[in-house]
Amino acid sequence: MNGSAAAGPDEDLRWMTAALNLGSWSLGLAAPNPSVGAILVRHGAAVGRGATAPGGRPHGERIAIQRAGEAARSATLYVTLEPCSHTGVSPPCVDAIIAAGVARVVSAMEDPNPLVGGQGHARLRAAGIAVTVGPGEAQARRDHLGHILRVTAGRPCVTLKLAETADGFASGGAHDARLRITGPIADLRVQVMRSTHEAIMVGVGTALADDPALTVRLPGVDLKPLRVVLDTHLRLPVRSRLAATARDVPTLVIAGPDAPDEASRRLVDLGVAIERVGLDAGGRADLGQALRALAARGLTRVFSEGGPRVAARLIALGLADEVALITAEKPLGRRGVPALSEAARAALSDGSRYRQHETLDYGPDTMRVWRRAE
């Protein structure tokens, strides 16, 4: 019996699930490339594992092959995305797979990138390698959504996170002290979510009201996602934490075309990058253009904590691919700023636009997750 003997559907799915779990470790780190997990299996045992390295190189397949060495010959490769077939910064992964003597490749899905788009699988078959496509596809599409949208729609995927009191408010009145809505368990979950994205985005209203740091605060984790502020008129103060720490943590402000040049110069002097985009019908920095600008910078995954107004716009435009709403146990007990507009809540209830995916409890707080209907 050789290592290439075809496994049954259940075993294929079991190994692919393991590859998907492996690939998820690099979410937020692999851009501009997708976070691909790869496992080489021979005689029913894993002989090599790999996930796309930080910065996108090397790819998961190459790492798995290198770790397997001679054991890769006649093995089965489980990979969460079609292996690349074009020469970019590095040679194609299909060349390494063929050279390693792999007998069978199981891919979760075809790569929508027109530079690959089935060509990787075709080259493997032409080399006499058996190819199976499809096990774990649904999860692979979710994990690779940022890559998929970047190559098909020219934008990253967006996860929208909001916190609300039990009676639906994101904050108190204009002069109220900043609310601490969620508890430590939910707060820790948010930090983990931040760590799986390459950028954390807020509107200037949130930046002015809360003066956030927008950093990943996890023990032993040294990650610095790009901090993005949607600031049409460049109102971000130079003494804000975001501006003052821009030389240590990458910070980008997305402004309108007519934002004051002097304000731009002051922020640039502090290390803030400025990107100008056109305005939407409401006179605000166009969100679609902003996301396309982020994709052009190589970003695939954006975590939006931008507050109710940015949230309403993302949902209305169908640009929020996943919505995570964390509801606290305690009410505000007075009038405040609603976390979601009536229109945004209606969109989440509209099954043709969004579908509720799961409900999770984090101590006294509850997180409900919706995904955009495709």
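As a basis for the values below, the full set of heavy atoms in this structure was taken, side chains included, without hydrogen atoms, waters or symmetry mates. Note that this is a predicted model, so its numbers are computed, not measured.
Proximity of Ile39 to Leu22: side-chain heavy atoms (C-beta onward) are separated by under 4.5 Å at one or more points. Annotation: side chain of Arg123 is in contact with side chain of Pro92 (closest heavy-atom distance under 4.5 Å).
If you check the side chains of Arg227 and Thr251, you find a donor sitting under 3.5 Å from an acceptor. Side-chain atoms of Asp143 and Gln139 form a donor-acceptor pair, as typed in the model, at a separation below 3.5 Å.
The salt bridge (Lys or Arg N to Asp or Glu O under 4.0 Å) test applied to Arg235 returns no partner, not counting sequence neighbours. Legend: residues meeting salt bridge (Lys or Arg N to Asp or Glu O under 4.0 Å) with Arg372, ordered by chain and number and at least two apart, are Asp321. For Arg217, the salt bridge (Lys or Arg N to Asp or Glu O under 4.0 Å) criterion is met by no residue, not counting sequence neighbours.
Looking at Asp12 and Arg104, a side-chain N of the basic residue comes within less than 4.0 Å of a carboxylate O on the acidic one, giving a salt bridge. Between Glu322 and Arg142 there is no salt bridge, since no side-chain nitrogen of the basic residue lies less than 4.0 Å from a carboxylate oxygen of the acidic one. Classification of Arg345 and Glu164 as a salt-bridged pair holds, one side-chain N sitting under 4.0 Å from a carboxylate O. A salt bridge does not link Arg241 with Asp210: every distance from a Lys NZ or Arg NE/NH1/NH2 to an Asp or Glu carboxylate oxygen is 4.0 Å or more.
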Pairs of donor and acceptor atoms involving the side chains of residues 195-209, under 3.5 Å and at least two apart or interchain, shall be tabulated with distances.
unit_1, atom_1, unit_2, atom_2, d
Ser195, OG, Val192, O, 2.6
Thr196, OG1, Met193, O, 2.9
His197, ND1, Met193, O, 2.7
His197, NE2, Thr159, OG1, 2.9
Glu198, OE1, Thr300, N, 2.5
Glu198, OE1, Thr300, OG1, 3.1
Glu198, OE1, Arg301, N, 2.8
Glu198, OE2, Thr300, OG1, 2.8
Thr206, OG1, Gly306, O, 3.0

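Distance alone, capped at 3.5 Å, places no donor-acceptor pair between the Thr366 side chain and the Thr327 backbone. Checking side-chain atoms of Glu82 against main-chain N and O of Asp111 turns up a donor-acceptor pair under 3.5 Å.
Within a 6.0 Å radius of CD in Gln66, other residues, nucleotides and ligands contribute 12 heavy atoms or fewer.
Within the structure, ring-ring contact (aromatic ring centres under 6.0 Å, His included) pairs that include any residue of residues 212-231 do not occur (at least two apart or interchain). Within the structure, no pair that satisfies the ring-ring contact (aromatic ring centres under 6.0 Å, His included) test touches residues 122-156, not counting sequence neighbours.
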Residue pair Arg313, Arg284: steps toward the side chain to side chain contact (heavy atoms under 4.5 Å, CB included) verdict: CA-CA 11 Å; Arg313 292 168 63 198; Arg284 298 156 300 197; 3.8 Å; yes
From CA spacing to verdict: salt bridge (Lys or Arg N to Asp or Glu O under 4.0 Å), Arg265, Glu262: CA-CA 5 Å; Arg265 282 192 290 271; Glu262 180 56 35; 2.9 Å; yes
Side chain to side chain contact (heavy atoms under 4.5 Å, CB included) assessment of Leu340 paired with Leu162: CA-CA 9 Å; Leu340 285 171; Leu162 287 161; 3.3 Å; yes
Pair Glu358-Arg368, salt bridge (Lys or Arg N to Asp or Glu O under 4.0 Å): steps then yes or no: CA-CA 6 Å; Glu358 60 185 351; Arg368 288 171 291 163; over 6 Å; no
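Residues Leu234 and Leu214 share a single hydrophobic cluster, defined by chaining ILVMFWY side chains whose heavy atoms lie under 4.5 Å apart.
Applying salt bridge (Lys or Arg N to Asp or Glu O under 4.0 Å) to Arg276 and the options Asp261, Asp258, Asp286 leaves one that passes, Asp261. The side-chain contact (heavy atoms from CB on, under 4.5 Å) with Arg155 is formed by just one residue from the set Leu294, Leu319, Leu287; it is Leu319.
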